[in-house]
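Down below is the structure, laid out as C-alpha coordinates.
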Amino acid sequence: MNLLLLSNSTQYGRGYLEHALDTVTGFLPPGARLAFVPYALADHDAYTAKVRGALAGAGIDVRGVHEGGDPLARLGGADAVFVGGGNSFRLLSALYRTGLRDALTKAVADGLPYMGASAGTNMAAPSLRTTNDMPIVEPPSFEALGLVPFQINPHYLDPDPASTHKGETREERLTEFLQENDVPVLGLREGSWLRVEGDRAAIGGERDARLFRRGSAPREIAVGSDVSELLCVTAVFDTLA
(Lines give C-alpha, C1' and ligand atoms only; values in the text may rest on other atoms or scores of the structure.)
Protein backbone atom coordinates (compact mmCIF):
# COMPACT_ATOMS: atom_id res chain seq x y z
CA MET A 1 0.00 0.00 0.00
CA ASN A 2 1.36 3.39 -1.02
CA LEU A 3 -0.71 6.28 0.34
CA LEU A 4 -0.40 10.03 0.88
CA LEU A 5 -3.42 11.27 2.83
CA LEU A 6 -3.56 15.05 3.21
CA SER A 7 -5.80 16.77 5.72
CA ASN A 8 -6.35 19.66 3.31
CA SER A 9 -5.43 20.77 -0.19
CA THR A 10 -5.29 24.51 0.49
CA GLN A 11 -3.51 26.10 3.44
CA TYR A 12 -4.33 29.63 4.56
CA GLY A 13 -2.28 32.18 2.62
CA ARG A 14 -0.99 29.66 0.05
CA GLY A 15 -2.07 28.33 -3.32
CA TYR A 16 -3.66 24.99 -4.08
CA LEU A 17 -1.39 22.15 -2.81
CA GLU A 18 1.42 24.66 -2.28
CA HIS A 19 1.95 23.78 1.39
CA ALA A 20 2.60 20.12 0.50
CA LEU A 21 3.95 20.45 -3.02
CA ASP A 22 7.40 18.97 -2.34
CA THR A 23 5.82 15.99 -0.60
CA VAL A 24 3.24 15.53 -3.36
CA THR A 25 5.78 15.68 -6.19
CA GLY A 26 8.08 13.37 -4.25
CA PHE A 27 5.23 10.90 -3.81
CA LEU A 28 4.18 10.82 -7.46
CA PRO A 29 6.33 8.99 -10.01
CA PRO A 30 8.32 11.38 -12.26
CA GLY A 31 6.25 12.39 -15.27
CA ALA A 32 3.28 10.45 -13.87
CA ARG A 33 -0.04 10.11 -15.61
CA LEU A 34 -2.22 11.13 -12.67
CA ALA A 35 -5.87 10.11 -12.67
CA PHE A 36 -7.76 12.82 -10.81
CA VAL A 37 -11.15 12.05 -9.24
CA PRO A 38 -13.10 15.35 -9.13
CA TYR A 39 -16.46 14.05 -7.96
CA ALA A 40 -16.48 15.78 -4.56
CA LEU A 41 -17.25 19.09 -6.32
CA ALA A 42 -19.96 19.85 -8.88
CA ASP A 43 -17.78 21.39 -11.62
CA HIS A 44 -15.49 18.54 -12.62
CA ASP A 45 -13.78 20.40 -15.46
CA ALA A 46 -12.86 23.44 -13.36
CA TYR A 47 -11.64 21.25 -10.52
CA THR A 48 -9.45 19.19 -12.83
CA ALA A 49 -8.04 22.35 -14.36
CA LYS A 50 -7.08 23.62 -10.90
CA VAL A 51 -5.16 20.41 -10.12
CA ARG A 52 -3.57 20.41 -13.57
CA GLY A 53 -2.35 23.96 -13.04
CA ALA A 54 -0.94 23.22 -9.60
CA LEU A 55 1.10 20.24 -10.83
CA ALA A 56 2.04 21.37 -14.33
CA GLY A 57 5.42 22.71 -13.20
CA ALA A 58 6.36 19.28 -11.87
CA GLY A 59 5.70 17.59 -15.20
CA ILE A 60 2.68 15.66 -13.91
CA ASP A 61 0.10 14.79 -16.58
CA VAL A 62 -3.27 15.27 -14.85
CA ARG A 63 -6.24 13.53 -16.45
CA GLY A 64 -9.74 13.75 -14.96
CA VAL A 65 -11.43 10.37 -14.71
CA HIS A 66 -14.58 12.01 -16.12
CA GLU A 67 -12.74 12.99 -19.30
CA GLY A 68 -13.16 10.52 -22.14
CA GLY A 69 -16.34 8.92 -20.89
CA ASP A 70 -14.92 5.87 -19.11
CA PRO A 71 -13.64 6.50 -15.55
CA LEU A 72 -12.49 2.91 -15.15
CA ALA A 73 -10.38 3.03 -18.31
CA ARG A 74 -8.86 6.34 -17.22
CA LEU A 75 -7.94 4.81 -13.86
CA GLY A 76 -6.53 1.73 -15.57
CA GLY A 77 -4.14 3.81 -17.65
CA ALA A 78 -2.79 5.85 -14.72
CA ASP A 79 0.47 5.73 -12.80
CA ALA A 80 -1.18 7.18 -9.67
CA VAL A 81 -4.56 8.47 -8.53
CA PHE A 82 -5.55 11.63 -6.65
CA VAL A 83 -9.00 11.83 -5.05
CA GLY A 84 -9.76 15.47 -4.34
CA GLY A 85 -11.64 17.14 -1.51
CA GLY A 86 -15.11 18.61 -1.33
CA ASN A 87 -18.26 16.93 -0.06
CA SER A 88 -17.58 13.38 1.12
CA PHE A 89 -21.16 12.16 0.64
CA ARG A 90 -21.26 13.39 -2.96
CA LEU A 91 -17.86 11.83 -3.60
CA LEU A 92 -18.69 8.40 -2.19
CA SER A 93 -22.03 8.34 -4.00
CA ALA A 94 -20.20 8.98 -7.29
CA LEU A 95 -17.60 6.30 -6.57
CA TYR A 96 -20.39 3.75 -6.18
CA ARG A 97 -22.26 5.03 -9.26
CA THR A 98 -19.22 4.86 -11.56
CA GLY A 99 -17.82 1.59 -10.24
CA LEU A 100 -14.71 3.38 -9.04
CA ARG A 101 -15.14 2.33 -5.44
CA ASP A 102 -14.33 -1.32 -6.15
CA ALA A 103 -11.86 -0.43 -8.90
CA LEU A 104 -9.88 1.90 -6.63
CA THR A 105 -9.74 -0.64 -3.82
CA LYS A 106 -8.33 -3.28 -6.17
CA ALA A 107 -5.93 -0.93 -7.97
CA VAL A 108 -4.43 0.42 -4.76
CA ALA A 109 -4.09 -3.09 -3.34
CA ASP A 110 -2.22 -3.98 -6.55
CA GLY A 111 0.24 -1.13 -6.00
CA LEU A 112 -1.27 2.02 -7.54
CA PRO A 113 -0.16 5.07 -5.48
CA TYR A 114 -3.17 6.79 -3.90
CA MET A 115 -3.23 10.43 -2.86
CA GLY A 116 -6.22 11.93 -1.11
CA ALA A 117 -7.05 15.34 0.31
CA SER A 118 -9.87 16.09 2.74
CA ALA A 119 -12.83 14.09 1.35
CA GLY A 120 -10.37 11.99 -0.64
CA THR A 121 -8.62 11.19 2.63
CA ASN A 122 -11.95 10.27 4.21
CA MET A 123 -12.41 7.72 1.42
CA ALA A 124 -9.28 5.84 2.56
CA ALA A 125 -10.94 4.91 5.88
CA PRO A 126 -13.36 2.01 6.30
CA SER A 127 -16.38 4.27 6.75
CA LEU A 128 -17.67 7.77 6.02
CA ARG A 129 -18.77 8.16 9.63
CA THR A 130 -16.05 10.57 10.78
CA THR A 131 -16.42 13.13 8.00
CA ASN A 132 -17.28 16.74 8.88
CA ASP A 133 -19.55 17.14 5.85
CA MET A 134 -23.29 17.61 5.45
CA PRO A 135 -25.06 14.64 3.77
CA ILE A 136 -26.19 16.56 0.68
CA VAL A 137 -26.78 13.25 -1.12
CA GLU A 138 -27.33 9.70 0.15
CA PRO A 139 -24.73 7.15 -0.98
CA PRO A 140 -25.73 3.48 -1.15
CA SER A 141 -23.61 2.81 1.93
CA PHE A 142 -21.26 4.56 4.35
CA GLU A 143 -18.66 1.92 3.47
CA ALA A 144 -15.67 3.66 1.89
CA LEU A 145 -12.47 2.21 0.41
CA GLY A 146 -10.96 0.75 3.58
CA LEU A 147 -7.37 1.33 2.46
CA VAL A 148 -6.46 1.75 6.13
CA PRO A 149 -8.31 -0.07 8.95
CA PHE A 150 -8.88 3.01 11.15
CA GLN A 151 -10.88 6.20 10.81
CA ILE A 152 -9.51 9.63 9.88
CA ASN A 153 -10.91 13.08 10.62
CA PRO A 154 -9.35 15.61 8.22
CA HIS A 155 -9.43 19.32 9.12
CA TYR A 156 -9.38 18.36 12.80
CA LEU A 157 -10.16 21.53 14.74
CA ASP A 158 -9.19 22.07 18.37
CA PRO A 159 -11.77 23.56 20.77
CA ASP A 160 -11.56 27.33 21.11
CA PRO A 161 -11.74 28.18 24.84
CA ALA A 162 -12.73 31.77 24.00
CA SER A 163 -15.66 30.78 21.77
CA THR A 164 -19.25 31.42 22.86
CA HIS A 165 -20.56 28.82 20.39
CA LYS A 166 -22.47 26.14 22.27
CA GLY A 167 -22.56 23.44 19.59
CA GLU A 168 -20.48 20.30 19.89
CA THR A 169 -16.73 20.58 19.44
CA ARG A 170 -14.95 18.21 17.08
CA GLU A 171 -13.58 16.35 20.09
CA GLU A 172 -17.08 15.88 21.50
CA ARG A 173 -18.37 14.56 18.18
CA LEU A 174 -15.56 12.05 17.88
CA THR A 175 -16.15 10.98 21.49
CA GLU A 176 -19.79 10.33 20.56
CA PHE A 177 -18.62 8.26 17.59
CA LEU A 178 -16.47 6.12 19.89
CA GLN A 179 -19.43 5.50 22.19
CA GLU A 180 -21.03 3.58 19.32
CA ASN A 181 -17.98 2.27 17.44
CA ASP A 182 -14.66 0.73 18.47
CA VAL A 183 -12.03 1.94 16.03
CA PRO A 184 -9.25 4.54 16.45
CA VAL A 185 -9.76 7.95 14.84
CA LEU A 186 -6.75 9.94 13.66
CA GLY A 187 -7.47 13.66 13.71
CA LEU A 188 -5.35 15.40 11.08
CA ARG A 189 -5.04 19.13 11.67
CA GLU A 190 -4.78 21.37 8.61
CA GLY A 191 -1.26 21.30 7.24
CA SER A 192 -0.65 17.68 8.27
CA TRP A 193 -0.84 14.37 6.46
CA LEU A 194 -0.43 10.63 6.85
CA ARG A 195 2.13 8.74 4.77
CA VAL A 196 1.72 4.97 4.41
CA GLU A 197 4.37 2.82 2.74
CA GLY A 198 3.73 -0.91 3.00
CA ASP A 199 3.41 -1.76 6.69
CA ARG A 200 4.77 1.62 7.87
CA ALA A 201 2.77 4.76 8.60
CA ALA A 202 3.95 8.15 9.84
CA ILE A 203 2.63 11.66 10.47
CA GLY A 204 4.02 14.40 8.23
CA GLY A 205 3.46 18.07 7.61
CA GLU A 206 3.46 21.18 9.75
CA ARG A 207 1.21 20.27 12.70
CA ASP A 208 0.83 17.39 15.12
CA ALA A 209 -2.07 14.99 14.84
CA ARG A 210 -4.51 13.89 17.57
CA LEU A 211 -5.45 10.26 18.18
CA PHE A 212 -8.77 9.16 19.66
CA ARG A 213 -9.34 5.68 21.04
CA ARG A 214 -12.32 4.22 22.80
CA GLY A 215 -11.89 4.26 26.59
CA SER A 216 -8.79 6.49 26.49
CA ALA A 217 -8.11 10.20 26.62
CA PRO A 218 -7.12 11.73 23.27
CA ARG A 219 -3.37 12.09 22.81
CA GLU A 220 -1.10 14.20 20.68
CA ILE A 221 0.95 12.54 17.93
CA ALA A 222 3.98 14.61 16.94
CA VAL A 223 4.98 15.24 13.34
CA GLY A 224 7.42 12.51 12.33
CA SER A 225 5.88 9.94 14.68
CA ASP A 226 5.51 6.34 13.57
CA VAL A 227 1.87 5.23 13.80
CA SER A 228 2.30 1.88 12.08
CA GLU A 229 0.45 0.10 14.89
CA LEU A 230 -2.76 1.63 13.55
CA LEU A 231 -2.42 -0.49 10.42
CA CYS A 232 -3.01 -3.58 12.56
CA VAL A 233 -6.27 -2.58 14.28
CA THR A 234 -9.65 -4.16 13.66
CA ALA A 235 -12.60 -1.79 13.24
CA VAL A 236 -15.86 -2.70 14.96
CA PHE A 237 -18.89 -0.57 14.13
CA ASP A 238 -22.29 -0.25 15.80
CA THR A 239 -21.32 -1.59 19.17
CA LEU A 240 -22.53 0.10 22.34
CA ALA A 241 -20.00 1.09 25.02
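Each residue takes its place number in the sequence, starting with 1.
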Task: Connected via hydrophobic side-chain network under 4.5 Å: Val148 and Leu188 - done: yes

Open item on the list: Any salt bridge linking Arg129 with Asp238? Criterion: basic side-chain nitrogen under 4.0 Å from a carboxylate oxygen.
Closed with: yes

Open item on the list: With a 3.5 Å distance limit and no angle check, can you tell me whether Thr169 reaches the backbone of Pro159 through a side-chain donor-acceptor pair?
Closed with: no

- [ ] Could you tell me which non-hydrogen atom of Ala54 sits nearest to which non-hydrogen atom of Leu21, and how far apart they are?
- [x] O-CD1, 4.1 Å

Open item on the list: I'd like to know if the side chain of Ser216 reaches the main chain of Arg213, judged simply by a donor and an acceptor atom lying under 3.5 Å from each other, with no hydrogens or angles considered.
Closed with: no

TODO: Drop me the distance from Leu17's CG to Leu6's CG, to the nearest 0.5 angstrom.
DONE: 7.0 Å

Open item on the list: So, taking the atom named CZ in Arg90 and the one named OH in Tyr39, what distance separates them when rounded to the nearest 0.5 Å?
Closed with: 13.0 Å

Task: Side chains of Met1 and Leu231 in contact at under 4.5 Å (non-hydrogen atoms) - done: no

TODO: Would you confirm whether Asn132, through its side chain, and Pro154, through its main-chain N or O, come within 3.5 Å as a donor-acceptor pair?
DONE: yes

Task: Pair Arg52 + Asp61: basic N to acidic O under 4.0 Å - done: no

Open item on the list: Testing the basics here: between Ala209 and Ile203, what is the closest heavy-atom pair and its distance to 0.1 Å?
Closed with: CB-CD1, 4.0 Å

TODO: Output, in order, the C-alpha distance, side-chain angles, deciding distance and verdict of side-chain contact (heavy atoms from CB on, under 4.5 Å) for Leu194 and Leu3.
DONE: CA-CA 8 Å; Leu194 177 71; Leu3 314 175; over 6 Å; no

Open item on the list: Counting C-beta onward and ignoring hydrogens, is there a side-chain heavy-atom pair between Met123 and Leu128 closer than 4.5 Å?
Closed with: yes

Open item on the list: Test side-chain contact (heavy atoms from CB on, under 4.5 Å) on Ser118 and Asn8; report intermediate values, then the result.
Closed with: CA-CA 5 Å; Ser118 188; Asn8 53 303; 5.6 Å; no

Open item on the list: To check you understand the geometry: which heavy-atom pair defines the closest contact between Val65 and Pro38, and what is its length?
Closed with: CG2-CD, 3.9 Å

Open item on the list: Tell me whether Val81 shares a hydrophobic cluster with Val51, the cluster being built from Ile, Leu, Val, Met, Phe, Trp, Tyr side chains joined at under 4.5 Å.
Closed with: no

Task: hydrophobic_cluster_shared for Ile221 and Val185, side chain cutoff 4.5 Å - done: yes

Open item on the list: Centroid separation under 6.0 Å, is that true for the rings of Tyr114 and Phe27?
Closed with: no

TODO: Give the ring-plane orientation class for Phe82 versus Tyr16, where under 30° counts as parallel, over 60° as perpendicular and anything between as tilted.
DONE: tilted

TODO: Please round to the nearest 0.5 Å and tell me the distance separating atom CG of Asp45 and atom NE2 of His66.
DONE: 4.0 Å

- [ ] Using a strict cut-off of less than 4.0 Å between a Lys/Arg side-chain nitrogen and an Asp/Glu carboxylate oxygen, indicate whether Lys106 and Asp102 qualify as a salt bridge.
- [x] no

- [ ] Indicate if Phe177 and Leu211 have the same hydrophobic cluster label, given that clusters are the connected sets of ILVMFWY residues with side-chain heavy-atom separations under 4.5 angstrom.
- [x] yes

Task: Sidechain-backbone polar pair: Thr130 side chain, Ile152 backbone, donor-acceptor under 3.5 Å - done: yes

Open item on the list: What I want to find out is whether Glu206 reaches Arg14 closely enough, with some N-O distance under 4.0 Å, to be called a salt bridge.
Closed with: yes

Task: Residues Arg195, Glu197: salt bridge by 4.0 Å N-O rule - done: yes

TODO: Please answer whether the main-chain N or O of Thr10 pairs with a side-chain N or O of Glu18 as donor and acceptor at a distance below 3.5 Å.
DONE: no

- [ ] Search all heavy atoms of Leu28 against all heavy atoms of Ala80 and return the closest pair with its distance.
- [x] CD2-CB, 3.7 Å

TODO: May I have the step-by-step check of side-chain contact (heavy atoms from CB on, under 4.5 Å) for Leu92 and Asn122, ending in yes or no?
DONE: CA-CA 9 Å; Leu92 185 57; Asn122 276 323; over 6 Å; no

Open item on the list: Ignoring hydrogens and geometry beyond distance, is a side-chain donor-acceptor pair present between Asp133 and Ser88 at under 3.5 Å?
Closed with: yes

Task: Spatial distance of atom CG (Leu186) from atom OH (Tyr156) [nearest 0.5 Å] - done: 11.5 Å

TODO: Measure the spacing between CG of Leu112 and OG1 of Thr105 and express it to the nearest 0.5 Å.
DONE: 11.5 Å

Task: Note, Ser127 side chain near Gln151 side chain (heavy atom, < 4.5 Å) - done: yes

Task: Ion pair check, Glu220 and Arg210, cut-off under 4.0 Å - done: yes

Task: Contacts of type ring-ring contact (aromatic ring centres under 6.0 Å, His included), residue His155, not counting sequence neighbours - done: none

Task: Minimum heavy-atom distance Gly64-Thr48, with the two atoms named - done: N-CG2, 3.7 Å

Open item on the list: Can you confirm whether Phe237 is buried at CZ, in the sense that more than 12 heavy atoms of other residues, nucleotides or ligands lie under 6.0 Å from that atom?
Closed with: yes

TODO: For the residue pair Arg214 and Asn181, confirm or rule out a side-chain donor-acceptor distance under 3.5 Å.
DONE: no

Open item on the list: Within the structure provided, determine whether Val24 and Met115 are in side-chain contact (heavy-atom separation under 4.5 Å).
Closed with: yes

TODO: Would you mind reporting whether Trp193 and Ser7 have side-chain heavy atoms less than 4.5 Å apart?
DONE: no

Task: Sidechain N-carboxylate O distance under 4.0 Å for Glu143, Arg101 - done: yes

- [ ] State whether Asp208 and Arg189 are salt-bridged, where the test is any N-O pair (Lys NZ or Arg NE/NH1/NH2 against Asp/Glu carboxylate O) under 4.0 Å.
- [x] no

Task: Atom pair CG/CZ of Leu157 and Arg170 - distance to nearest 0.5 Å - done: 5.5 Å

Task: Donor-acceptor under 3.5 Å (Thr175 side chain, Glu171 main chain) - done: yes

Task: Heavy-atom side-chain proximity of Leu4 to Val196 below 4.5 angstrom - done: no

TODO: Report whether Phe212 and Val183 are members of the same hydrophobic cluster (ILVMFWY, side-chain heavy atoms less than 4.5 Å apart, transitive linking).
DONE: yes

TODO: Of all the heavy-atom pairs spanning Gly84 and Ala40, show the shortest one and how long it is.
DONE: O-CB, 3.7 Å

